[in-house]
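All values reported here derive from a predicted model rather than from experimental measurement.
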Amino acid sequence: MKILRKIISILTEVEKWGAIISLGVMFLVGALEIVSRNLFKKSFLWSQELIIVFLVWEVFLAAAYVYNTGNLISVDFLYAHLKPAGKKVIDVIIDAVMVVVLYVTIYYGWQYQLVQGKFLTNALHLPNNIHSIPLVICSVSILLSIIEKYASKLTREGKNDEH
């Protein structure tokens with residue numbers, strides 16, 4: 001348990017800094033492109049492609065970070081009015097659906113990125129799977145968090161049953 005919790009903690013920190021750095025790179029490249037267009041009447045061929053790559057990474061890393069830290073925005077009007085037992089049932093149903101969706105996303109995302117890796121992007125000549133790898137990373141990270149949540153609940157409940 002402690003190892004899994006430590007892995008998730010490290011992943012969450014990497015996701016946070018990866019998203020921050022991605023956002024910064026997008027801003028700098030975009031600003032450089034604007035200055036280049038307006039001052040020199042020249043555009044970089046690679047700037048849009050690089051911004052898109054970092055945008056994809058920023059979105060998926062930030063999504064995993066937000067989930068793993070529990071900072072999600074939710075509409076919980078009905079949920080808030082449920083009794084604790086009802087909330088547990090809803091939580092389990094939502095997590096079960098998420099596990100299925102994440103498994104499918106990881107499986108087919110991995111297959112897709114293997115196919116994409118054979119091709120290169122137009123301007124920077126990067127492997128095309130640079131766009132699909134963040135989806136797999138994000139999905140694995142969120143799935144690990146769900147597994148850790150239930151594993152810690154089970155071990156905690158097992159310890160409570162012993163006393």
query = Considering all heavy atoms of both residues, which atom of S139 and which atom of I106 are nearest to each other, and what is their separation?
reply = CB-CG1, 3.4 Å

Where at least one partner belongs to residues 92-136, residue pairs that pass ring pair (Phe, Tyr, Trp, His ring centres under 6.0 Å), sequence neighbours excluded = none

ask   = For the atom pair CD1 (I130) and CD1 (I52), what is the distance rounded to the nearest 0.5 Å?
value = 12.5 Å

message = Check this for me: D91, atom CG, are more than 12 non-hydrogen atoms of other residues, nucleotides or ligands nearer than 6.0 Å?
response = yes

inquiry  = Please check: side-chain N/O of S9 versus main-chain N/O of R5, any donor-acceptor pairing under 3.5 Å?
reply    = no

message = When you measure from the side chain of E49 to the backbone of A123, do you find a donor-acceptor pair of N or O atoms at a distance under 3.5 Å?
response = yes

message = Quick check: closest heavy atoms across Q116 and N129, and the distance to 0.1 Å?
response = OE1-CA, 3.5 Å

remark   = Scanning both residues in full, the closest heavy-atom pair of R37 with S43 reads NE-OG, 3.8 Å

message = Please say yes or no: joined through hydrophobic side-chain contacts below 4.5 Å, possibly via intermediate residues, are L154 and I146 part of one cluster?
response = no

query = Roughly how far apart are I20 CD1 and L23 CG, rounded to 0.5 Å?
reply = 8.5 Å

ask   = Does one hydrophobic cluster hold both I142 and V92, with members joined at side-chain heavy-atom distances below 4.5 Å?
value = yes

ask   = In terms of heavy-atom contacts, does CG of L72 have more than 12 from other residues, nucleotides or ligands at under 6.0 Å?
value = yes

request  = May I ask you to test the L82-V89 pair for a side-chain heavy-atom distance under 4.5 Å?
outcome  = no

inquiry  = For the CD atom on E33, are there more than 12 heavy atoms of other groups (residues, nucleotides or ligands in this structure) within a distance under 6.0 Å?
reply    = yes

ask   = For the side chain of T121 and the backbone of L126, is there at least one donor-acceptor N/O pair under 3.5 Å apart?
value = yes

key: E15 to Y65 - nearest heavy-atom pair and separation   = OE1-N, 3.4 Å

message = Does any part of the side chain of K2, heavy atoms only, come nearer than 4.5 Å to the side chain of K6, both counted from C-beta?
response = no

request  = Give a yes or no on whether L45 atom CG has more than 12 heavy-atom contacts from other residues, nucleotides or ligands under 6.0 Å away.
outcome  = no

query = To the nearest 0.5 Å, what is the distance between CD1 (I90) and CG (D76)?
reply = 12.0 Å

query = Is there a path from V66 to I94 through hydrophobic residues (I, L, V, M, F, W, Y) whose side chains come within less than 4.5 Å of each other?
reply = yes

remark   = Heavy-atom nearest pair, S141 first then N68, reads OG-ND2, 2.7 Å

note = To the nearest 0.5 Å, atom NZ of K16 lies from atom OG1 of T69 at 9.5 Å

inquiry  = Within the 4.5 Å heavy-atom criterion, are V136 and F60 side-chain neighbours or not?
reply    = no

key: F77: partners by ring pair (Phe, Tyr, Trp, His ring centres under 6.0 Å), with sequence neighbours left out   = H81

message = According to a hydrophobic-cluster definition based on side-chain heavy atoms being under 4.5 Å apart (Ile, Leu, Val, Met, Phe, Trp, Tyr only), do L135 and V140 belong together?
response = no

Check: I133 main-chain N/O paired with W57 side-chain donor or acceptor under 3.5 Å = no

note = Shortest non-hydrogen pair, Y67 vs M98, comes out as CE1-CE, 3.6 Å

Gap separating the OG1 atom of T12 from the CG atom of L61, nearest 0.5 angstrom = 11.0 Å

ask   = Distance-only, no hydrogens or angles: does the S36 side chain make a donor-acceptor pair with backbone N or O of K42 under 3.5 Å?
value = yes

ask   = Going from CG on L143 to CD1 on I8, what distance comes out if it is rounded to the nearest 0.5 angstrom?
value = 9.5 Å

message = For F27, is the CZ atom crowded, meaning more than 12 foreign heavy atoms sit under 6.0 Å from it?
response = no

query = Quick one: do L4 and I137 end up in the same hydrophobic cluster if we chain Ile, Leu, Val, Met, Phe, Trp and Tyr together by side-chain heavy atoms under 4.5 Å apart?
reply = no

ask   = Is the closest side-chain heavy-atom distance between L28 and L32 below 4.5 Å?
value = no

ask   = Just by modelled atom types, is the G18 backbone N or O under 3.5 Å from a matching donor or acceptor in the S22 side chain?
value = yes

